[in-house]
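So the structure is just underneath, and the comments pick up after that.
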Amino acid sequence: MSASAFLISLGQCLATMNLYAEGHPARERALDASFERLQELQAAGGPLEFSFVGGETIVGQLPVPELASWDWGARLAAVGVERIEVAGPVSREMYDRFLDEVWRRVMGRPDATAEARQMAPQAMRWGPLAVRRSAMPGAAPAEGTAALAQAGFDVSLTDEVAAVRWLHDEVALRESLQMVEVDAVVQSLSLAMRSERRMMLPLLDLKRFDQYTTTHACNVSVLAMALAERMGLGRREVRSFGVAGLLHDIGKTRIPHEILVKPGKLTEAERHIMQQHPVEGARIVLEQERGLGLAAVVAYEHHVCIDGSGYPHFHFARHCHLSSRIVHVCDIYDALCSNRPYRDGWDSERALTYLESRAGTEVDTNIVQTFTAMVRGSTTHRIPVPEEPGVPS
Ligand SMILES: [Fe+2]
Ligand SMILES: [Fe+2]
């Protein structure tokens, strides 16, 4: 039994409660069915923590794409039910009471005693995100992490890094780009970014040089989404910029590993090979999926400068797509801030000053201005990438 089936049945219950009075057979049937779904989910040992935030429905710690059009998550969040937890065996009576309390809240008639009751230890809890009690696993949280942890999210981004590594391996070995995972990672990064009311930029901190490709993909995706949002773009565009950011260097999966991690300066021949990655990336994206035109364009254009320099080479200056110009800025910033085999990563301010010095020639002036204001005004925290010996990224 899936968590989605339970949540859908919960929404159906609340809808039925709007229509039928207590004791009506239709209402009882809906409640019976939903209680059954809950019991099946408990018996299957499924995740029993549900969060509704930023238009997403999260089960455990993973967003559920199939519930994207399920509007009860947003309706529940709007009345302060941002999280539901089931911590133990639930009787039918208990479930009825829970539904009644939530329904009253949805209807704008909250039971005054319900708030106090749901704060006490019991099998079914609901409320704002801070109801989660469990602490972050591992070491002392970095600045900004505690608030995210309190909001109920593990900000290690371990799963996202592992998923991107797997995606890259799939492209390298089987030439297959798995869009379901791409969407899931972008959704998850977007969630980490929005977990707090204020702007948060959860960026990964590179520990091993061979992790660069994966951590860099995640960071550029987060930065591109944050910047697109800051520029007032709509939700759908922000998400597609996140996908484009995640895939911008996918062409590097076709570049020999020894060139990617070479600790010194590249030779002319090696540089030529390396500079094929935009063309290779666009080809990979176009070959695999329809509807990814933007990601292909960004993969192709993200090293093209506004004065016509950069690569691929064109005879005339090419006016690149907005998302390519956005990803170009995010790409330079993250590359400069990352430790590389041949130099230590720069601090944020030095990278921002560098971008400002290139505004109008290499990078778009307006985008740089918005980007630098965003980063300087944000809570940026670098999350150490967990050590995972073995598979190079
Ligand atoms: Fe690149
Ligand atoms: Fe890049």
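Throughout, numbering of the chain's residues begins at 1 and tracks the sequence. Order of listing sets the numbers, starting from 1, for every ligand and every atom in it.
- Taking CG of Leu38 as the start and CD of Glu40 as the end, the distance is 9.5 Å to the nearest 0.5 Å.
- Judged by a 6.0 Å distance limit and a 45° cone about the ring axis, Arg27 is positioned over the six-membered ring of Trp103.
- The distance from atom CG of Leu246 to atom NE2 of His216, rounded to the nearest 0.5 Å, is 10.5 Å.
- Evaluation of the ring pair (Phe, Tyr, Trp, His ring centres under 6.0 Å) rule for Trp346 yields Tyr354 as partners, not counting sequence neighbours.
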Pair Glu85-Arg83, salt bridge (charged side-chain N to carboxylate O under 4.0 Å, His left out): steps then yes or no: CA-CA 7 Å; Glu85 297 179 359; Arg83 190 171 181 90; 2.8 Å; yes
Stepwise salt bridge (charged side-chain N to carboxylate O under 4.0 Å, His left out) check, Glu28 with Arg92: CA-CA 11 Å; Glu28 292 308 307; Arg92 170 64 199 258; 3.4 Å; yes
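- Counting only protein N, O or S atoms closer than 2.8 Å to the Fe ion (ligand 2) gives 4.
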